[in-house]
Amino acid sequence: IGVGGLAWNDGVKTRHKALLYGINRQGITGVLFAGQQKVANGLLSNTHPYFNPNITTYPYNPQVARNLLRQAGWTPGRDGIGTKDGKRLT
């Protein structure tokens, strides 16, 4: 999942960055591949000829994710799911 270089408005880009910070890639990789696979931070494997080693990575940080969502105008609803202008974060 990546958001770099896309011509989205700031609110959408901030929301997507928040989602990237909210994904525990290390945890997912550990469960699915028993620690035998490197964490993926992009669409291409680091062995692919077009792999970009300079890609921006987003370490798992739920607090940063929450702060970015608040910055973009999302607030936790009664069930903890973010809401903005009466719509749920989906």
Side-chain angles (χ1 to χ4, degrees):
I1 300 172
V3 297
L6 297 176
W8 293 338
N9 68 47
D10 287 340
V12 172
K13 190 169 184 175
T14 301
R15 183 181 69 207
H16 280 80
K17 283 177 76 171
L19 295 175
L20 290 170
Y21 276 111
I23 298 171
N24 184 351
R25 289 174 197 75
Q26 187 67 50
I28 293 169
T29 301
V31 169
L32 292 179
F33 303 108
Q36 300 298 309
Q37 180 67 36
K38 289 185 177 183
V39 172
N41 286 301
L43 297 174
L44 301 176
S45 162
N46 63 350
T47 60
H48 193 282
Y50 294 114
F51 173 74
N52 178 1
N54 300 315
I55 190 169
T56 301
T57 60
Y58 299 87
Y60 177 57
N61 191 327
Q63 187 59 48
V64 170
R66 282 189 286 276
N67 291 342
L68 286 169
L69 287 172
R70 285 189 192 106
Q71 178 184 332
W74 294 89
T75 56
R78 298 171 90 185
D79 58 1
I81 304 296
T83 60
K84 180 178 179 181
D85 301 328
K87 297 181 181 177
R88 289 170 50 92
L89 182 63
T90 58

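Hydrogens, waters and symmetry mates play no part in the numbers below; they use all other heavy atoms, side chains included.
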Colleague: For Gln37 versus Thr29, what's the shortest heavy-atom pair and its separation?
Modeller: O-CG2, 3.0 Å
Colleague: Judged by atom type as modelled, is there a donor-acceptor pair below 3.5 Å linking the side chain of Lys17 to the main-chain atoms of Tyr58?
Modeller: no
Colleague: Measuring from atom CG of Asn46 to atom CZ of Phe51, what distance do you get when rounded to the nearest 0.5 angstrom?
Modeller: 5.0 Å
Colleague: Under 4.5 Å between side-chain heavy atoms, counting indirect links through other Ile/Leu/Val/Met/Phe/Trp/Tyr residues: same cluster for Tyr60 and Val31 or not?
Modeller: no
Colleague: Taking Ile28 as the starting point, is it possible to reach Val39 by hopping between hydrophobic residues whose side chains are less than 4.5 Å apart?
Modeller: no
Colleague: What do the steps show when you test Arg15 against Leu89 for side chain to side chain contact (heavy atoms under 4.5 Å, CB included), and what is the final call?
Modeller: CA-CA 9 Å; Arg15 183 181 69 207; Leu89 182 63; 3.2 Å; yes
Colleague: Does Pro62 reach the side chain of Tyr21, with side-chain heavy atoms less than 4.5 Å apart?
Modeller: no
Colleague: Taking all atoms of both residues into account, what is the closest heavy-atom pair of Ala18 and Ala65, and its distance?
Modeller: O-CB, 3.2 Å
Colleague: Is it true that the side chains of Gln63 and Asn67 contain a donor and an acceptor less than 3.5 Å apart?
Modeller: yes
Colleague: First locate atom CG of Asn41, then atom OG1 of Thr56, and finally report the distance between them rounded to the nearest 0.5 Å.
Modeller: 10.0 Å
Colleague: Measure the spacing between CZ of Arg66 and CG of Asn61 and express it to the nearest 0.5 Å.
Modeller: 8.5 Å
Colleague: Looking at CZ of Arg25 and CG of Leu20, how far apart are the two atoms once the value is rounded to the nearest 0.5 Å?
Modeller: 5.5 Å
Colleague: Please enumerate all residues that pass side-chain contact (heavy atoms from CB on, under 4.5 Å) together with Asp79, with sequence neighbours excluded.
Modeller: Ile81, Arg88
